[in-house]
Amino acid sequence: SAEDSVVKPEQNLKPTVESRALKIFSAPPSAPLNDTFLVRVRELGGVWSELFTYNATVNLDAKGQNSFVVFDSDFIKPIEMEIRFKKGGAINNFRIRPASSKVVSRMQENAILINLTRACKFTVEVNGDTFNNLIAFANPWEEKPIVGPGKGIHYFGPGAHYLGNDGKGMIKLEEGDTLYIAGGAIVYGNVKAENAKNITIKGRGILCASKFEHNVPDNEPRALLMWF
């Protein structure tokens, strides 16, 4: 539960950026940053807002370091996304996956411009690099977000939370429980539920098992993010 975690003090936790059309949750200052891409979003014709590009290690052998970004929108008007290399460099080609997402995109002045008319999840591979790409979570507006703990509710608000003090602890969910990770929150640890029904996991935050050792021999057990 939230009581079993340690919340790392976040002295410079910025407020969430919210407008009628966009909601951008600020990342905790301690959040892992990937500085490969500069990503901005706006309602069509509006003012650009920069997104925090989280880092995620995706392939230990190839040392892949993906970026991912998150935002909410009502998509009443199209949302524009702009992607550039943060430290310069030419974008020669790109590919959006899955192709079935049918995301409308084009190149303009060494930037990738994407036009979104609905919520979707997709990746952007730049210059053929499949191990260091960008993942975008363009979410619909969150309905009825939970604002605090309650009976059967494991609530984690904005900030960094370390289960078991070191991020290697576990949340145990019982039947009917809800795990809610708010936007702007990162919970380090994992989740377990046994013989439990009607479990809900929701929110715009991040559940992360990066504090566990993953580079272990094949004959040894690996840490899992969730047990069900």
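Nothing fancy with the numbering, it's 1 onward along the sequence.
Looking at residues two or more places apart in sequence or on another chain, you find a side-chain hydrogen bond (donor to acceptor under 3.5 Å, both in side chains) between Asn34 and Thr36, Asn55, Ser67. Taking Phe75 as the reference, nothing meets the ring pair (Phe, Tyr, Trp, His ring centres under 6.0 Å) condition, with sequence neighbours excluded. Among residues two or more places apart in sequence or in another chain, the side-chain hydrogen bond (donor to acceptor under 3.5 Å, both in side chains) test is passed with Tyr180 by Glu142. For Gln108, the side chain to side chain contact (heavy atoms under 4.5 Å, CB included) partners are Arg106, Leu113, not counting sequence neighbours.
Put simply, the side chain of Phe71 reaches to within 4.5 Å of the side chain of Leu51, judged on heavy atoms. The shortest side-chain heavy-atom distance between Lys87 and Asp35 falls under the 4.5 Å cut-off. Put simply, the side chain of Phe156 reaches to within 4.5 Å of the side chain of Leu179, judged on heavy atoms. At a threshold of 4.5 Å between non-hydrogen side-chain atoms, the residues Ile186 and Pro28 count as touching. Looking at heavy atoms from C-beta onward, Leu207 lies in side-chain contact with Ile181 at the 4.5 angstrom threshold. Under the 4.5 Å side-chain criterion, counting only non-hydrogen atoms from C-beta, Val69 is not in contact with Phe52.
Annotation: ring-ring contact (aromatic ring centres under 6.0 Å, His included) contacts involving residues 32-51, sequence neighbours excluded, comprise Phe37-Phe85.
In this structure a side-chain-to-backbone donor-acceptor pair under 3.5 Å is missing from Arg204 to Ala185.
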Under 3.5 Å, which donor-acceptor pairs link side chains of residues 92-105 to any protein atom two or more places apart or in another chain?
from, atom 1, to, atom 2, distance (Å)
Arg97, NE, Glu125, OE1, 3.2
Arg97, NE, Glu125, OE2, 2.7
Ser101, OG, Pro98, O, 2.7

